[in-house]
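Take a look at the structure set out below.
Counting starts at 1 for both ligands and their atoms, in listed order. Small disclaimer: the values here were computed from a predicted structure and weren't measured.
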Amino acid sequence: MKRNEKCDACGAATPAYEGVNFSQGETRRFLCTKCFNEAVAKHSGVDFHHLSFHPIILADQDNKNHTFHFQPRLFGDHVTIEALEIHNDEPKGYEFSICGDAEDDLFALFAKLVERMRRELQRRHIEPGDLTRHQITNGDTLRGRITWDDDTNGEVPCLVIDGKELSWHEVGRMLMTYEGFHFKLEIFEGSEER
Ligand SMILES: [Zn+2]
């Protein structure tokens, strides 16, 4: 279901993931990304020109298409571009971001992000399993994103691996085929590529 919010500055109907919610004193405000960036640029005196990027479709290793929407956000002297995979008007699946200088060429930063997304979509960590829904590929490595799991009320995470949601229990079951092995768990920011 598409839930649009109304931008408090320009009045544009905007999906929640394409804007910013914040509180100013007692009042809650919602600004579309463009108005948010313009307000931040004015406030911090940065020479910033907002760009709206069209959604793009990228194929993964199985030739399955993924649609991404982009949000450039200005935070004082730095800028991030977030790429969200959108399914039925909701963010779901892959998520990437890149961080740069506010006065950098935004389009160059966008191009860098897309290059990285292409590389990441060609990586495969899990495949259909014999005993479980998924199993770890022979690279013996998992990369993914730690997200909130409503089913456990956030007690343990839901992990998004190769754009697919896996419960903590499913990840545990995949690991049991490695009983007796050791592992290394490394945590890093979504704007990094490792
Ligand atoms: Zn607006």
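- In terms of modelled atom types and a separation under 3.5 Å, the side chain of Thr147 and the main chain of Cys158 share a donor-acceptor contact.
- A distance of 3.5 Å separates CG in Asp60 from NE2 in His66, rounded to the nearest 0.5 Å.
- Shown here is Phe188, whose CZ atom has more than 12 heavy atoms of other residues, nucleotides or ligands within 6.0 Å.
- Listed by chain and residue number, the protein N/O/S atoms under 2.8 Å of the Zn ion (ligand 1) are Cys7 SG, Cys10 SG, Cys32 SG, Cys35 SG, with waters left out.
- For Gln122, there are no side chain to side chain donor-acceptor pair (under 3.5 Å) partners two or more places apart in sequence or in a different chain.
- Between Phe70 and Phe110, the ring center distance clears the sub-6.0 Å criterion.
- Among Lys92, Glu18, Glu90, Glu95, the single residue meeting the side chain to side chain contact (heavy atoms under 4.5 Å, CB included) criterion with Leu84 is Glu95.
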